[in-house]
Each structure stands twice: as structure tokens, then as C-alpha cells.
Peer 1: 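This is the structure I want to talk about, given as C-alpha cells.
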Amino acid sequence: MTSSTLTFVAARSRAFGPTAALWHAVEVHRVLADLDGACELTVCGALARVTTERVWPAGGTDVCPTCAVLTR
């Protein structure tokens, strides 16, 4: 029997023009120790830099609303 567990980590996007930097969710399919802080594709399709210092779901007002809905 195979079971899968979804693991999400937090990633921070860069501010671009009038767009604020947001926290996004990245679905991880490997060991967290393999994350090197590089940019990853987020749940909503943006590119953001992964951090292992912050957990998902990230609290606050600067969270991507699309990622928040898709990871429920």
C-alpha cells in the first residue's frame, strides 16, 4: 500500500512594481534537508524563494490568497 502526504513549505516572492512581496506555499516532494533556498514554483504558479525558517501556513496579511485557498 502506498500513502502520500502533502507537505508544504513557505516561500517568499519578490516585490514587483506595485505588487507587494507575499508568502506562498510550495508543495514539497523531497526531503526538507534537500531544499537549498532556491526559487521554486508555488501552488499558485508564481516563483518564490523557499525558506525552511517559516512554516506553512504562514500567518499575517502578506499571504497569497490563492495559495491559502488551494492548500486547505
Side-chain angles (χ1 to χ4, degrees):
M1 173 185 269
T2 302
S3 68
S4 66
T5 302
L6 287 177
T7 300
F8 297 101
V9 295
R12 187 74 169 175
S13 64
R14 294 177 64 185
F16 183 72
T19 304
L22 294 175
W23 286 103
H24 294 270
V26 174
E27 188 176 343
V28 179
H29 298 279
R30 58 190 183 277
V31 181
L32 294 180
D34 290 345
L35 297 175
D36 59 0
C39 287
E40 301 274 347
L41 187 63
T42 65
V43 173
C44 70
L47 285 176
R49 189 166 308 279
V50 171
T51 180
T52 56
E53 297 171 2
R54 184 120 179 216
V55 296
W56 184 263
T61 59
D62 58 346
V63 176
C64 171
T66 305
C67 286
V69 169
L70 292 176
T71 58
R72 286 187 193 167

Peer 1: Starting at OG1 of T52, measure out to CG of D36 and round the result to the nearest 0.5 Å.
Peer 2: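 These two atoms lie 10.5 Å from each other.
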
Peer 1: Taking the side chain as C-beta and beyond, is there a heavy-atom pair between C67 and W56 under 4.5 Å?
Peer 2: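 Heavy-atom side-chain distance check passes, below 4.5 Å.
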
Peer 1: Between L70 and F8, is there a side-chain heavy-atom distance shorter than 4.5 Å?
Peer 2: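 SC-SC contact between F8 and L70 ruled out.
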
Peer 1: So do V26 and V43 actually touch side chain to side chain, heavy atoms under 4.5 Å?
Peer 2: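 A side-chain contact is absent here, since even the closest heavy-atom pair is not under 4.5 Å.
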
Peer 1: Working to the nearest 0.5 angstrom, can you tell me the gap between R49 CZ and L35 CG?
Peer 2: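 Those atoms lie 12.5 Å apart.
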
Peer 1: If every non-hydrogen atom of A20 is compared with every non-hydrogen atom of S13, which pair is closest and at what distance?
Peer 2: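 Taking A20 first and S13 second, the nearest heavy atoms are O-OG, 4.4 Å.
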
Peer 1: Test side-chain contact (heavy atoms from CB on, under 4.5 Å) on W23 and T61; report intermediate values, then the result.
Peer 2: CA-CA 9 Å; W23 286 103; T61 59; over 6 Å; no

Peer 1: Do the non-hydrogen side-chain atoms of D62 and R12 ever get within less than 4.5 Å of each other?
Peer 2: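 D62 reaches R12 side chain to side chain.
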
Peer 1: Can you tell me how far CG of L41 sits from NE2 of H24, rounded to the nearest 0.5 angstrom?
Peer 2: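 Result: 10.5 Å between the selected atoms.
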
Peer 1: Looking at E40 and R30, does any basic side-chain N land under 4.0 Å from a carboxylate oxygen?
Peer 2: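 Salt bridge present between E40 and R30.
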
Peer 1: So, taking the atom named CG in L22 and the one named CZ in R14, what distance separates them when rounded to the nearest 0.5 Å?
Peer 2: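 That separation rounds to 14.0 Å.
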
Peer 1: Around atom CZ of R54, are there more than 12 heavy atoms from other residues, nucleotides or ligands closer than 6.0 Å?
Peer 2: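 Check passes, neighbour count above 12.
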
Peer 1: How about V9 and L32: do any of their side-chain heavy atoms sit closer than 4.5 Å?
Peer 2: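 Counting from C-beta outward, V9 and L32 do come under 4.5 Å.
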
